[in-house]
There are 2 protein chains.
Amino acid sequence: MSNSKFRKDRTPLYLKVAEVLRQRILRKVWQAGEFLPTVNELMEEFQVARVTVREAVKILESEGLVDPRRGRGTVVLAHKSPTRPLHVVTSLSELVDVYRGDVPDLVSLEDRVTELPEGVSTGTSVGEYHMLKRMHSRDGQRYCVITLYLAKAIFDKHEQEFRTSLALPVLFDDPDIDISIARQRLLVSKCDMETAMHLDIPLGEPVAEVRRILCDSNENILYVADVIYRGDYIQLDMNLLA
Amino acid sequence: MSNSKFRKDRTPLYLKVAEVLRQRILRKVWQAGEFLPTVNELMEEFQVARVTVREAVKILESEGLVDPRRGRGTVVLAHKSPTRPLHVVTSLSELVDVYRGDVPDLVSLEDRVTELPEGVSTGTSVGEYHMLKRMHSRDGQRYCVITLYLAKAIFDKHEQEFRTSLALPVLFDDPDIDISIARQRLLVSKCDMETAMHLDIPLGEPVAEVRRILCDSNENILYVADVIYRGDYIQLDMNLLA
DNA sequence: ACCCAAAGTCCTATATATAGGACTAATGTG
DNA sequence: CACATTAGTCCTATATATAGGACTTTGGGT
């Protein structure tokens with residue numbers, strides 16, 4: 001393996017060695033109880049100094065992934081397999097069902113009247129929207145930051161519910177609300193500074209940016225949601241023959 | 001803005017300042033021709049030293065995003081808006097159409113007979129598969145690494161075509177091939193070392209890992225594709241009412 | 001007990017990251 | 001031209017990253 005690229009950017013080498021080893025551990029290249037290659041072998045593989053390898057191993061140790069044992073080697077510890085508990089679904093009724101079964105903790109970040117954000121490419125603005133920005137978590141794990149824009153008339157009608165629970169089931173259960181257009185877009189990107197702080201993840205970490213737009217039969221925009229999910233918390237399963 | 005989190009991990013500060021500023025520029029917080037905050041203002045905002053800010057600006061300059069002018073300030077340059085030219089679609093016929101219209105450059109990385117990889121959770125293995133691993137690029141831009149597993153009998157039937165063009169149209173056009181199950185999963189993750197080198201992107205960069213599985217009516221697995229796309233090259237649009 | 005393997009420690013050394021501060025050079029504007 | 005603003009340069013200083021090498025300590029196995 002040529003390591004010329006490995007050395008090219010300015011991220012410290014020990015952070016990169018740690019990342020490579022972490023991915024291998026999480027992908028089960030080594031089972032719990034097995035030993036990492038020795039420090040000398042890793043020095044050879046990555047073409048780095050002993051201190052660089054040891055610094056990387058120290059990071060993995062602090063994450064509970066390995067236990068270095070003098071005279072023996074560095075043993076891989078059992079760790080929780082990464083699960084991606086949240087399924088991003090691809091139909092509105094499924095989405096509402098998922099949301100019904102989801103009772104995350106909500107922390108309000110912002111709550112005010114505003115206009116739609118730029119770049120909403122489907123439908124027609126009704127002018128004023130109520131914006132709710134919140135962070136969701138489950139079992140103490142923060143997993144997304146969501147910014148909702150609800151047409152003001154709709155928000156006013158169910159104000160209390162929108163404030164205390166997830167928006168989509170509320171919307172879906174209102175018989176006066178007719179949804180004719182429902183689109184969703186997913187982008188893969190790097191976490192921005194503000195969201196990183198809310199989610200307690202590093203700047204630049206992989207996230208999924210999801211935008212959802214719901215319109216009525218006159219193409220009036222009723223609801224826009226901009227959600228930033230931790231990339232490692234979600235998966236997206238699709239039936240290509242549906 | 002509290003910067004306690006900003007300082008917390010061991011990535012060099014100037015790399016992080018550069019990332020924050022880069023995102024702002026790409027998200028059009030400043031238009032081309034506008035000025036970044038002064039060095040003093042950035043020092044204040046991020047609570048870092050002058051040299052740290054200047055190092056960050058130097059990186060952005062090397063990327064052609066800014067032009068620092070002594071006595072004036074640092075002007076934001078026009079830059080190509082990020083486009084995400086590749087749409088990951090959610091139906092098989094669309095997928096085949098996209099692939100028909102796509103004539104990327106293919107670089108063969110691996111080409112051999114093997115078994116299916118672990119973790120294929122749909123369908124039944126037919127035993128032997130021909131594995132083709134390739135890198136795709138367009139206009140000199142590498143955008144994905146794909147690992148195909150084709151049932152050996154099918155591969156042998158269209159060996160030449162599979163070697164020189166995209167697999168799905170070939171598969172779809174064979175009247176003897178009956179596809180009854182077609183599933184796709186998308187995960188957001190960090191780029192691994194090997195793929196990073198193929199795609200010429202940094203280790204840990206956001207990527208989309210896509211697995212596609214096609215089975216016949218007996219649930220025999222005909223085709224598995226593991227694709228790793230650069231996160232910034234793709235988007236996924238869904239009609240939630242389809 | 002002895003031997004071997006492997007992590008841990010220590011040493012010297014250079015390069016890079018970060019800081020605070022002062023001074024210089026370049027660019028507009030009035 | 002004078003003045004104000006802003007990036008660029010230089011200085012001193014500390015902290016961190018990286019390197020190569022040698023020696024010590026620890027844990028198993030025989």
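Remember, predicted model here, so these are calculated numbers, not experimental data. Within every chain, numbering begins at 1; the chains are lettered A, B, ... in the order of the sequence lines, protein sequences first and strands thereafter. Computed from heavy atoms alone, side chains included, the values below leave out hydrogens, waters and symmetry copies.
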> What is the distance from CD of A:E44 to P of C:dA6, rounded to the nearest Å?
Replying inline: 14 Å

>> For B:D237, run the salt bridge (Lys or Arg N to Asp or Glu O under 4.0 Å) check against A:R183, A:R212, A:R185 and tell me which one passes.
In response: A:R185

>> The criterion is side-chain contact (heavy atoms from CB on, under 4.5 Å); which residues satisfy it with B:T114, sequence neighbours excluded?
In response: B:R112, B:M131, B:Y149

>> Between B:K133 and B:D226, does any side-chain N to carboxylate O distance fall below 4.0 Å?
In response: no

Protein-nucleotides 26-30 of chain C N/O pairs under 3.5 Å:
unit_1: C:dT27; atom_1: O4'; unit_2: B:R70; atom_2: O; d: 3.4

>> In this structure, how many angstroms lie between the P atom of C:dA7 and the CD atom of A:E61, rounded?
In response: 12 Å

>> Base contacts versus sugar-phosphate-only contacts with protein, heavy atoms under 4.0 Å: please encode nucleotides 12-22 of chain C as B, S and - from 5' to 3'.
In response: -----SBB--B

>> Output the rounded distance in Å from CZ (A:F35) to P (C:dA6).
In response: 10 Å

> Do B:R163 and B:D111 meet the salt-bridge criterion of a basic N to acidic O distance under 4.0 Å?
Replying inline: yes

>> Can you list everything that forms a side-chain contact (heavy atoms from CB on, under 4.5 Å) with B:V76? Sequence neighbours excluded, please.
In response: B:I25, B:W30, B:L36

>> I'd like to check the side-chain contact (heavy atoms from CB on, under 4.5 Å) partners of A:E115; sequence neighbours left out, ordered by chain and number.
In response: none

> Are any of the side-chain nitrogens in B:R10 or A:E55 under 4.0 Å away from the carboxylate oxygens of its partner?
Replying inline: yes

>> Which residues pass the salt bridge (Lys or Arg N to Asp or Glu O under 4.0 Å) test with A:R27, not counting sequence neighbours?
In response: B:E209

> Atom CZ of A:R54 to atom C1' of C:dC11: distance rounded to whole Å?
Replying inline: 15 Å

